[in-house]
Amino acid sequence: MTTKEQQCPNPSTKRKLKYLRRGSIVAIFIAIIPFMFYIIDIFPDGDIWENSFFTYQSKYYESVNVFIWVLIGKLIPLSLFIIWFFTCKNWWYHVILIPIALYAFQLISIIVEDSQLITDKEVYYLIPTTIIILSIVYTVRTKVFDKIHNIDLSELDTLKKTRKKSWWNRLR
């Protein structure tokens with residue numbers, strides 16, 4: 001093998017190396033995420049956490065340690081769902097946005113309010129999000145079904161229109 005061949009591998013080898021690097025980074029990140037839960041041990045058990053940058057006082061939880069425990073309890077599944085969303089190759093991967101939205105709303109309410117463990121407001125924000133995501137998923141499903149079975153859905157619409165009967169003929 002010449003030095004020129006060693007310096008310039010073929011495009012498929014480059015693609016495989018890129019895929020291997022990206023997959024390795026994702027795998028390492030997934031392996032490290034559960035250990036993030038033990039980060040709560042470095043936070044104080046009292047309601048005030050002072051360091052050289054800022055001072056934080058936990059109002060609702062009355063313990064910085066408990067606040068971080070609740071925060072990490074939302075961050076870990078959220079990060080795993082986000083990884084799953086970006087690495088999923090199935091046609092239905094948009095449905096994963098629903099739990100991502102739920103955990104994001106809960107995380108925001110924990111950070112902003114520091115006064116409620118689970119709020120009822122997330123449901124009201126999640127309903128339109130769910131409707132939008134499900135309609136996108138249904139549209140994608142219809143397109144995938146159309147491609148797999150070679151069905152032109154516009155033909156089905158014209159077929160329905162030509163076969164329509166009056167309501168009186170349907171009753172007979």
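Computation of the quantities below employed the complete heavy-atom set of this structure, encompassing side-chain atoms and omitting hydrogens, waters and symmetry-equivalent molecules.
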Rounded to the nearest 0.5 Å, how far does [atom2] of [Y] lie from [atom1] of [X]?
X	Y	atom1	atom2	answer
I110	I68	CD1	CD1	10.5 Å
L107	K74	CG	NZ	9.0 Å
T139	H94	OG1	NE2	10.5 Å

For residues 75-87, run the donor-acceptor check on the side chains, cut-off 3.5 Å, and write out each pair with its distance to 0.1 Å, sequence neighbours left out.
unit_1: S79; atom_1: OG; unit_2: L75; atom_2: O; d: 3.1
unit_1: S79; atom_1: OG; unit_2: I76; atom_2: O; d: 2.8
unit_1: T87; atom_1: OG1; unit_2: I83; atom_2: O; d: 2.7

Hydrophobic cluster membership, L71 vs Y38, 4.5 Å side-chain cutoff: no

Any side-chain heavy-atom pair of F43 and W69 under 4.5 Å: no

Any side-chain heavy-atom pair of Y103 and Q106 under 4.5 Å: yes

Closest heavy-atom pair and its distance - I40, F37: CG1-O, 3.5 Å

By side chain to side chain donor-acceptor pair (under 3.5 Å) - contacts of D45 (at least two apart): S63

Table please: side-chain donor-acceptor pairs of residues 20-35 below 3.5 Å, with sequence neighbours left out.
unit_1: S24; atom_1: OG; unit_2: L20; atom_2: O; d: 2.7

